[in-house]
Amino acid sequence: WARSWKVGYLSAGTLHAGVDFASFMEGLERAFADANAQDTAHLRLVGTRQGKTPLSEFISAFELNAEMAGYNPNGPLGMYDTFLVKTLMGLIDEKVRHQLYAGGHAVPGRYWTLRERLLNISAAMEQEALWAAQSKSTLFWSPAPAPHAGKAPAPQAPKLQGTAPNLAKKIGPGETA
């Protein structure tokens with residue numbers, strides 16, 4: 001590609017007027033840009049489920065794919081709201097979706113309202129999981145071992161160093177054991 005570009009813009013060994021590095025880079029990007037970038041982003045948008053990814057990270061990736069696919073979540077209100085809401089609802093984790101419906105409120109029809117509610121639900125679920133993990137480490141029903149109430153700790157036997165002395169009875173000549 002570079003050789004072809006060079007031939008097209010060189011005359012008598014010098015570049016044409018107005019041709020600079022910026023125009024070289026623009027031509028390079030145009031020549032090697034992904035022609036299917038928007039379609040690929042759309043497929044990632046509608047096909048990537050949350051799985052074990054934290055909801056905040058998943059929503060960031062969802063919004064990036066939406067923008068790359070041409071569905072700007074920051075665009076005019078309501079332009080893509082219905083599509084983005086339905087798509088997001090189909091891709092989030094079942095536990096989060098269940099909490100959304102169990103909340104007693106209507107599911108938001110606007111993308112940004114849904115996004116905020118989902119992030120609040122996710123934060124509450126993460127806090128609950130943290131509390132559950134902390135409560136497992138301390139059992140409330142079993143008392144902690146009481147320290148020696150007023151008693152001094154038992155003395156430890158002194159440690160001997162070196163070899164142990166031979167305590168066997170010596171038997172001299174003519175003696176029996």
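Computed from heavy atoms alone, side chains included, the values below leave out hydrogens, waters and symmetry copies.
Hydrophobic clustering (ILVMFWY, side-chain heavy atoms < 4.5 Å, transitive): Leu118 and Phe83 are in one cluster. The cluster map of Ile, Leu, Val, Met, Phe, Trp and Tyr, joined by side-chain heavy atoms under 4.5 Å apart, puts Met125 and Leu130 in different clusters. Both Leu91 and Leu45 are assigned to one and the same hydrophobic cluster, defined by single-linkage of ILVMFWY side chains at heavy-atom distances under 4.5 Å. No chain of hydrophobic side-chain contacts below 4.5 Å, direct or via other Ile, Leu, Val, Met, Phe, Trp or Tyr residues, connects Leu88 to Leu43. Cluster annotation: Tyr80 and Val46 are assigned to the same hydrophobic cluster (Ile/Leu/Val/Met/Phe/Trp/Tyr, side-chain heavy-atom contacts under 4.5 Å, transitive).
Between the CG atom of Asp93 and the CD atom of Gln99 there is a distance of 10.5 Å, given to the nearest 0.5 Å. Distance NE2/His98 to CD1/Ile121: 10.5 Å, rounded to 0.5 Å. Taken to the nearest 0.5 Å, the CD atom of Gln50 stands 11.0 Å off from the CD atom of Glu94. A distance of 11.0 Å separates CZ of Arg44 from CG of Asp39, quoted to the nearest 0.5 Å.
Exactly one residue among Val85, Leu84, Ile59, Asn120 makes a side chain to side chain contact (heavy atoms under 4.5 Å, CB included) with Arg115. That residue is Ile59.
Annotation for Arg117 and Ala106: closest pair NH1-O, 3.0 Å, computed over non-hydrogen atoms. When all heavy atoms of Phe58 and Arg49 are compared, the closest pair comes out as CE1-C, 3.6 Å. The two atoms that bring Leu114 and Leu100 nearest to each other are CD1-CD2, 3.8 Å, heavy atoms only. For the residue pair Leu55 and Val96, the shortest heavy atom distance occurs at CD2-CG1, 4.1 Å. Here the closest heavy-atom approach between residue Arg97 and residue Ile92 is recorded as NH2-O, 2.9 Å.
In this structure, Tyr111 and Phe62 have side chains that are in contact, with non-hydrogen atoms separated by less than 4.5 Å.
Heavy-atom neighbours of Glu128 CD from other residues, nucleotides or ligands within 6.0 Å: at or below the threshold of 12.
A side-chain donor-acceptor contact under 3.5 Å links Gln38 to the backbone of Ala69.
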